[in-house]
Amino acid sequence: MTAENERSDFIRDMVKEHLASGRFDRVQTRFPPEPNGYLHIGHVKAIAMDFGVAEDFGGICSLRFDDTNPAKEEEEYVEAIKEDIKWLGYDWGDRLFFASDYFDQLYEFALQLIKAGKAYVDDLSAEEIREYRGTLTEPGKNSPYRERSVEENLDLFKRMRAGEFQQGEKVLRAKIDMAHPNMNMRDPVMYRILHKEHHRTGDKWPIYPMYDWAHGQSDSLEGVTHSLCSIEYKNHRPLYDWFLDQLGIFHPQQIEFARFNMTYTVMSKRRLVQIVKEGYVRGWDDPRMITLAGMRRAGISPEAIRAFIDHVGVGLSPSTIQYSKFDHFVRDDLNRRASRVNGVINPLKVVLDNYPEGKVELMEFPNHPDDPSRGTREVPFSRELYIERDDFREDPPKKFWRLAPGREVRLRYGYLVTCTGVIKDEGGEVVEVHCDVDPETRGGNAPDGRRVKGTLHWVSADQALDVEVRLYDRLFNHPFPLEAEGEFTDYINPDSLVIVDGAKVEPSLKEAAVGDRFQFERVGYFVVDPDSTPERLVFNRTIALRDSWAKIEKQYEGKQ
RNA sequence: UGGGGAGUGGUGCAAUGGUAGCACAGAGGCCUUUGGAGCCUUUGAUCUUGGUUCGAAUCCAGGCUCCCCAGCCA
């Protein structure tokens, strides 16, 4: 990395100090997802920090699944998460770990704490434990079982492990301070009894470690130097440190940083699940979802997501990123990446009356106007074409530069044409536009140098491919759906998916493969959806092009 | 009214005692065979009250606001 693009933030500064002071002589991090759901845009910040910090300092980053709660976790998610991280472009090498790998060691550590008089078996019920814990402003009180002898605790804990007790009957707790101002230090539960099959350890264990007990020790066992996590764990750091100190084992440094929110969406796993379960979207990979699977299907590249995350920033204060910022990075990436093609979403037939019937010319189009090295392709032009219905107005408003009766426009890389008349159906709707073509303007240039302001995209009617187009838009129509009145689901955007069946695209798209991204000129960016068949392509709109005409028109209407 | 964090343009991030800058968004313009892209210009901010200092976004004290914590979730 060059000095120029070296990232700097308070975490990297801290790591730098640790290296300079000799506290650590290397950097190792980990990304620790719980396999109970799909990764979303919020996780990318954590992934980018974990892998990015390690990379910046020549260190390593591992992937460790935090699978300490078999009631919620499933193998399916493990695979999905691995796939998503790989897709994003991060590599954990051979360092794929599971907290469940350490269950035996954790058990030994627990025995050690019990012997040191630092942990005890408690018979209080979950409800009683809550009552004894006190409140935010009142201290808790000691459990009547807190002073059991080491021998009794050892015996009881071993029997817990042997499966002698029912779920909820007993827990192992750390013996710290029931009056501690930090609730996490009021004798936190280390183990609970769960007679549940674990996705990796099967029925070997009737007891499972809690997050606080598993996480720091897992970090330590792996040799993690910097354990980066989100801000809500700040209050857990004293406990993280306490366990490590009591055990006297390698002591990683936990560093917290803030998560972010985005407008027009919800980020919590719980609500994402709700959206899927209640059928507001088609699944976890619905292109409207901010899951990695959803964004991938929407046609957003991993590079765009990473660039966006780079600009989110790292701090300790909660932030809400405007969706337009995300849009910017999506467009910026696609603008450079996507080849241009012609696609008409809402076709209106145009007949060129003075163009010979049956004649087909092949017009040369650049694949990318800003990058000639990407070559050209030939697109058929003929007497009958389709243009976008929005590109014709019988009664054009001010500043509308497109086609209208008597108007001349350029058919991009085709010809200059002038509208001579229209044909309407019984309902008065224009069904066909008639034009005359200027034969001297092949390619779209006027030999006399006259200026033609409007340029339209088009496809030749005979050769056009019929495709399905799915026009996606943001899932919510309120910037803060969780803060708005009523249920957040009340603000699901009813127009977030509009399926168009009769779209027409140029024939070169015949060979397009699933995942290929294109810019339909003047319309937006599209990707070939997995639902496509050899007979019929399905395109998802990733994002529309910026539409400054829409803004002008809106202002114009506003003035009336 | 316990403990822990955080307050800089509309949004997000910089400035680490010395000219408050960048990005996105907004506005205006140039250019254009995409009303795209690009280019130029531009509006707009240090939560508050005191204090220290030649000088404070930065240090100190008080106040205000917001976020997190009372799972046998992570």
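Keep in mind the model is a prediction, meaning the values are calculated, not measured. Sequence lines set the chain letters: A, B, ... in the order given, protein chains first and strands last, and positions in each chain run from 1.
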Salt-bridge present (A/R442, A/E361; N to O < 4.0 Å): yes

- request: Return the set of residues passing salt bridge (Lys or Arg N to Asp or Glu O under 4.0 Å) with A/K16 (not counting sequence neighbours), or none when no residue passes.
  value: A/E6

- request: Could you note down all residue pairs passing side-chain hydrogen bond (donor to acceptor under 3.5 Å, both in side chains) where residues 311-329 of chain A supplies at least one of them, sequence neighbours left out?
  value: A/D327-A/R474

- line: Re B/rU65: Watson-Crick or G-U wobble partner, both distances kept under 3.5 Å, found to be B/rA6

task: For B/rG18 and B/rG4, measure between their P atoms and round to the nearest Å.
output: 30 Å

query: When rounded to the nearest Å, what value does the distance between P atoms of B/rG10 and B/rG29 take?
result: 24 Å

message: Side chains of A/E521 and A/H457 only: does a donor on one sit below 3.5 Å from an acceptor on the other?
response: no

- prompt: How would you label the contact of A/Q519 with the nucleic acid (heavy atoms, under 4.0 Å): base, sugar-phosphate, or nothing?
  reply: base

- prompt: Which whole-number value in Å describes the distance from A/L411 CG to B/rU34 C1'?
  reply: 13 Å

- request: Scan A/F400 against the nucleic acid and name what it touches under 4.0 Å (heavy atoms): base, sugar-phosphate only, or nothing.
  value: base

- line: Whole-Å distance, A/R336 CZ to B/rG36 C1', equals 14 Å

- request: Please work out if A/T137 contacts a base, only the sugar-phosphate, or nothing of the nucleic acid, heavy-atom cut-off 4.0 Å.
  value: base

query: Under the salt bridge (Lys or Arg N to Asp or Glu O under 4.0 Å) test, which residues partner A/R306, sequence neighbours left out?
result: none

message: Can you tell me whether the side chain of A/R402 and the base of B/rG35 have a donor-acceptor pair closer than 3.5 Å?
response: yes

query: Rounding to a whole Å, what distance do you find between A/F257:CZ and B/rA6:P?
result: 15 Å

task: Sticking with atom P, work out how far B/rC47 lies from B/rU65, rounded to a whole angstrom.
output: 16 Å

task: Indicate, with a heavy-atom threshold strictly under 4.0 Å, whether A/L316 touches base, sugar-phosphate, or nothing.
output: sugar-phosphate

message: I need a per-nucleotide contact map over nucleotides 21-31 of chain B, read 5' to 3'. Cutoff is protein heavy atoms under 4.0 Å; write B for the base, S for backbone only, - otherwise.
response: --BSSSS----

- request: Please collect all salt bridge (Lys or Arg N to Asp or Glu O under 4.0 Å) contacts where either partner lies in residues 189-201 of chain A, sequence neighbours excluded, each pair once.
  value: A/D101-A/R200

Watson-Crick or G-U wobble partner of B/rU46, both distances under 3.5 Å: none

message: Apply the syn/anti split at 90° from 0 to B/rG71 and say which one it is.
response: syn

- line: Nucleotide by nucleotide, nucleotides 67-74 of chain B touches protein heavy atoms under 4.0 Å in the pattern (B base, S sugar-phosphate only, - none) -BBBSBBB

- request: Could you please name the partner base of B/rG12, counting Watson-Crick and G-U wobble pairs only when both distances are under 3.5 Å?
  value: B/rC22

field: Nearest-nucleotide pick for A/K234, side chain only, options being B/rU16, B/rU34, B/rG4
entry: B/rG4

- prompt: Do A/R161 and A/W205 meet the cation-pi criteria used here (NZ or CZ under 6.0 Å from the six-membered ring centre, within 45° of the axis)?
  reply: yes

Between C1' of B/rU34 and CZ of A/F520, the distance in whole Å: 14 Å

- line: Across every strand shown, the nucleotide meeting Watson-Crick or G-U wobble geometry with B/rU53 (both distances under 3.5 Å) is none

query: So, for A/Y233 and A/Y211, is the gap between ring centers shorter than 6.0 Å?
result: yes

query: What are the two closest non-hydrogen atoms of A/P380 and A/S460, and how far apart are they?
result: O-CB, 3.2 Å

message: I need the CG-P distance between A/N261 and B/rA6, as an integer number of Å.
response: 18 Å

- line: Atom CG of A/L239 and atom C1' of B/rG4 are separated, to the nearest Å, by 14 Å

message: Can you check the distance between B/rC40 and B/rA25, where both ends of the measurement are the P atom (answer in whole Å)?
response: 15 Å

message: Taking B/rA20 as the reference, what is the distance to B/rG28 when you measure between their C1' atoms (whole Å, please)?
response: 25 Å

query: For A/F260 and B/rG12, are the ring centres under 5.5 Å apart with planes inclined under 30°?
result: no

Nearest-Å distance for atom pair CD/P, residues A/E483 and B/rC66: 12 Å

field: side-chain hydrogen bond (donor to acceptor under 3.5 Å, both in side chains) partners for A/R30, two or more places apart
entry: A/H215, A/S227

- request: Taking all heavy atoms of A/Y191 and all of A/A110, pick out the closest pair and write down the distance.
  value: CE1-CB, 3.7 Å

- line: 5'-most contact on RNA chain B (nearest-nucleotide basis), A/Y525 vs A/S317, goes to A/S317

field: Side-chain N,O (A/T455) to OP1/OP2 (B/rU32) below 4.0 Å
entry: no

task: Would you mind pulling out the nucleotide paired to B/rA27, Watson-Crick or G-U wobble, both distances under 3.5 Å?
output: B/rU41

field: Paired nucleotide for B/rU58 [Watson-Crick or G-U wobble; both distances under 3.5 Å]
entry: none

field: Whole-Å gap separating P (B/rU16) and CD (A/E17)
entry: 15 Å

query: Looking only at atom C1', what distance separates B/rG36 and B/rU42, rounded to whole Å?
result: 23 Å

message: Over all strands shown, is A/V523 touching base, sugar-phosphate only, or nothing at heavy-atom distances under 4.0 angstrom?
response: nothing

task: Please confirm whether any donor atom in the side chain of A/N335 sits under 3.5 Å from an acceptor in the base of B/rG38, or the reverse.
output: no

- prompt: If you measure from the C1' atom in B/rC64 to the same atom in B/rA23, how many Å do you get, rounded?
  reply: 30 Å

- request: With sequence neighbours left out, write down each residue that passes salt bridge (Lys or Arg N to Asp or Glu O under 4.0 Å) with A/E73, or none if nothing qualifies.
  value: none

message: Please classify the nucleic acid contact of A/D390 as base, sugar-phosphate, or nothing, using heavy-atom distances under 4.0 Å.
response: nothing

message: Among residues at least two apart in sequence or on other chains, which ones pass side-chain contact (heavy atoms from CB on, under 4.5 Å) with A/K551?
response: A/Q555

message: If I pick the P atom on B/rC67 and the same atom on B/rU11, what distance separates them, to the nearest angstrom?
response: 15 Å

